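These values consider heavy atoms only, across backbone and side chains, with no hydrogens, waters or symmetry-generated copies. Chain identifiers are assigned alphabetically (A, B, ...) following the order of the sequence lines, protein sequences preceding nucleic acid strands; residue numbering begins at 1 within each chain. Keep in mind the model is a prediction, meaning the values are calculated, not measured.
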Protein chains: 2
Amino acid sequence: MSLPHAILTALLEKPSSGLELARRFDKSIGHFWQATHQQIYRELGKLEQSGLIRALPAEQPTRGQRKEYEVLAAGRAELTDWVSRSEDPRPIRDPLLLRLRAAAVVGPAGLVAELQRHLELHQRQLADYASIEERDFSHDQPAVEDRLRHVVLRAGMELESSWINWLTQTLAELRKL
Amino acid sequence: MSLPHAILTALLEKPSSGLELARRFDKSIGHFWQATHQQIYRELGKLEQSGLIRALPAEQPTRGQRKEYEVLAAGRAELTDWVSRSEDPRPIRDPLLLRLRAAAVVGPAGLVAELQRHLELHQRQLADYASIEERDFSHDQPAVEDRLRHVVLRAGMELESSWINWLTQTLAELRKL
DNA sequence: TCCTTTTCTGCAACTAGTTGCATAACCGTG
DNA sequence: CACGGTTATGCAACTAGTTGCAGAAAAGGA
């Protein structure tokens with residue numbers, strides 16, 4: 001049940017149309033919650049039906065015509081409530097770990113190259129985050145909103161670092177075999 | 001497409017019935033890939049149909065009667081191949097980060113308690129992993145299979161540590177506000 | 001023996017997320 | 001102005017995962 005809340009957040013930051021949202025998801029929110037334009041359009045429909053957002057009035061928009069949405073009071077209330085709700089962390093669900101487990105049974109042939117590739121991808125991701133951090137969060141007196149956005153980015157960097165760490169150790173271990 | 005491979009792995013370690021698999025998922029594989037008994041039964045059906053596993057012959061099993069499966073040669077081949085296939089890491093998708101992002105817009109009221117709770121859960125999880133490590137992987141001369149299973153566990157520990165790290169920093173930051 | 005509980009398999013109906021494609025409007029250029 | 005690319009919305013059909021429940025068989029008493 002996170003997608004609707006992601007959309008509410010994005011719309012509060014700035015009222016937008018479906019495609020605009022999809023693009024913003026690709027850039028910022030998408031770093032930790034991805035959604036296709038399809039999901040977004042469907043969810044916008046549901047949110048409008050349940051009265052949490054509304055389409056900004058325009059000349060009766062038809063298919064193919066831009067439609068902007070804004071958050072209503074009920075939507076903001078729902079989001080505020082959600083922020084402090086209790087929800088357990090998602091357990092790990094990672095195919096790469098599964099593959100290592102399988103390798104314990106059928107042999108680790110070909111795994112080194114794949115681990116090496118993952119290592120490079122995670123390094124690149126970390127570098128991306130670092131340059132975002134430099135660009136957006138190197139002010140002296142950040143406002144509360146910016147501090148919060150910053151810690152979210154830090155979480156991404158922390159996780160990428162731990163993958164890099166683990167992959168480096170694991171590659172060393174695998175090369176010994 | 002990971003569940004069938006998880007099942008093949010588990011069945012290679014030991015031929016089992018559906019419920020037995022479900023229980024083993026809860027214990028070991030489930031630390032990094034969860035599945036309900038429902039998913040497992042359906043997947044067993046599909047794997048049998050496509051000739052990767054077969055039910056061990058018994059007196060024509062009916063509903064409610066235990067059915068054991070074993071992996072066929074084709075299944076082992078598929079798993080071996082999968083181990084070295086190229087598959088990108090899953091991007092992060094985490095509701096807690098989303099909630100912090102929302103908090104930047106509607107205010108962080110009530111978040112500290114929730115972060116505290118998550119911190120405790122991650123600490124507990126890390127402790128669990130540590131005791132599994134102590135129990136299963138403290139031999140002198142581990143075999144290749146055990147080394148591989150060990151690095152998988154290390155990945156879990158690495159990730160939990162980074163959450164603990166981040167949550168500790170973030171709580172300090174939030175308490176300042 | 002009969003009854004209850006537990007084990008085990010499975011159907012049905014749901015939510016979430018993905019992929020491919022259709023269709024309309026908008027915009028620039030020859 | 002027409003036609004070709006881009007912008008924008010959306011339907012349909014799919015896979016993956018979840019939830020609730022039904023029903024058969026086995027096991028364990030009283």
Side-chain angles (χ1 to χ4, degrees), chain A residues 1-8 10-11 14-26 29-30 32-50 53-56 58-69 82 87-88 90-95 98, chain B residues 1-8 10-11 14-26 29-30 32-50 53-56 58-69 82 87-88 90-95 98:
Chain A
M1 292 303 316
S2 295
L3 179 58
H5 300 104
I7 292 179
L8 288 173
L11 284 182
K14 180 173 177 306
S16 311
S17 66
L19 208 59
E20 219 173 310
L21 277 178
R23 283 205 256 269
R24 286 170 54 206
F25 263 71
D26 284 345
I29 293 189
F32 40 93
W33 199 275
Q34 310 78 48
T36 62
H37 71 113
Q38 264 319 308
Q39 274 178 285
I40 290 170
Y41 282 122
R42 256 186 307 180
E43 204 61 49
L44 283 171
K46 284 189 209 165
L47 286 169
E48 188 178 21
Q49 281 225 324
S50 41
I53 65 175
R54 68 161 184 181
L56 288 182
E59 351 63 63
Q60 68 287 340
T62 62
R63 188 194 180 104
Q65 206 163 20
R66 197 184 173 68
K67 221 186 333 180
E68 292 238 312
Y69 292 93
W82 179 70
E87 190 182 347
D88 283 351
R90 298 243 168 136
I92 300 169
R93 196 173 244 200
D94 192 297
L98 215 48
Chain B
M1 294 300 317
S2 295
L3 179 59
H5 300 103
I7 292 179
L8 287 173
L11 283 182
K14 181 172 176 308
S16 311
S17 68
L19 208 60
E20 219 174 312
L21 278 177
R23 281 204 257 271
R24 285 169 56 205
F25 263 70
D26 284 346
I29 293 189
F32 40 92
W33 200 276
Q34 310 77 49
T36 62
H37 72 114
Q38 265 319 310
Q39 275 179 284
I40 290 171
Y41 280 122
R42 255 188 307 180
E43 205 60 50
L44 283 171
K46 284 188 208 166
L47 286 169
E48 188 177 22
Q49 280 225 325
S50 40
I53 65 174
R54 67 160 183 181
L56 288 182
E59 352 61 65
Q60 69 286 338
T62 62
R63 189 194 179 101
Q65 206 164 19
R66 196 184 175 68
K67 220 186 334 182
E68 291 237 314
Y69 292 92
W82 179 69
E87 190 182 351
D88 282 351
R90 298 244 168 137
I92 300 167
R93 196 172 242 201
D94 192 297
L98 215 48

Can you give me every donor-acceptor pair (side chain of residues 34-47 of chain A, partner residue at least two apart or in another chain, under 3.5 Å) with its distance?
unit_1 : atom_1 : unit_2 : atom_2 : d
A:Q34  : OE1    : B:R93  : NE     : 3.3
A:Q34  : NE2    : A:G30  : O      : 3.2
A:Q34  : NE2    : B:I92  : O      : 2.7
A:T36  : OG1    : A:Q39  : N      : 3.3
A:Q39  : OE1    : A:T36  : N      : 3.2

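Across the protein-nucleic acid pair, A:H5 atom NE2 and C:dA16 atom P stand 11 Å apart, rounded to whole Å. In this structure, B:E43 places its CD atom 9 Å from P of D:dG17, rounding to the nearest Å. In this entry the distance linking CG of B:L3 with P of C:dG17 reads 18 Å, nearest Å. The nearest whole Å value for the distance from the CZ atom in B:F25 to the P atom in C:dC8 is 17 Å. Here the P atom of nucleotide D:dT9 and the CD atom of A:E20 are 9 Å apart, to the nearest Å. The separation between B:L56 atom CG and C:dT9 atom P is 12 Å, rounded to whole Å. Computed from coordinates, the B:I40 CD1 to C:dC11 P distance equals 16 Å when rounded to whole Å. Taking atom CG of B:L44 as the reference point, atom P of D:dA16 lies 15 Å away to the nearest angstrom.
Shown here for B:E68 and B:S17, the closest heavy-atom pair between the two residues is OE2-N, 3.9 Å. Nearest heavy atoms, B:A6 versus B:F25: CB-CZ, 3.7 Å. Taking both residues in full, the closest heavy atoms of B:R24 and B:S16 are given as NH1-OG, 2.7 Å, listed atom of the first, atom of the second, then distance.
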With side-chain contact (heavy atoms from CB on, under 4.5 Å) as the test, would you mind laying out the steps for B:Y69 and B:E48 before giving the verdict?
CA-CA 9 Å; B:Y69 292 92; B:E48 188 177 22; 3.8 Å; yes

Would B:E87 and B:W82 satisfy side-chain contact (heavy atoms from CB on, under 4.5 Å), going step by step from the backbone distance to the final call?
CA-CA 10 Å; B:E87 190 182 351; B:W82 179 69; 4.1 Å; yes

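Taking only side-chain nitrogens and oxygens, B:Y41 never comes nearer than 4.0 Å to OP1 or OP2 of C:dG10. For A:K46, no side-chain nitrogen or oxygen approaches OP1 or OP2 of C:dT15 to under 4.0 Å.
When the nucleotides D:dT7, D:dG17, C:dC8 are ranked by their closest atom to the side chain of B:W33, D:dG17 comes out on top. Looking at the side chain of A:K67, the nearest of the listed nucleotides C:dT9, D:dT9, C:dG17 is D:dT9.
A:L3 places a side-chain heavy atom less than 4.5 Å from the side chain of A:I7.
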Please tabulate, one pair per line, each protein N/O and nucleotide N/O from nucleotides 18-20 of chain D that are separated by under 3.5 Å, including the distance.
unit_1 : atom_1 : unit_2 : atom_2 : d
D:dT18 : OP2    : B:Q39  : OE1    : 3.0
D:dT18 : O4     : B:R42  : NH2    : 2.6

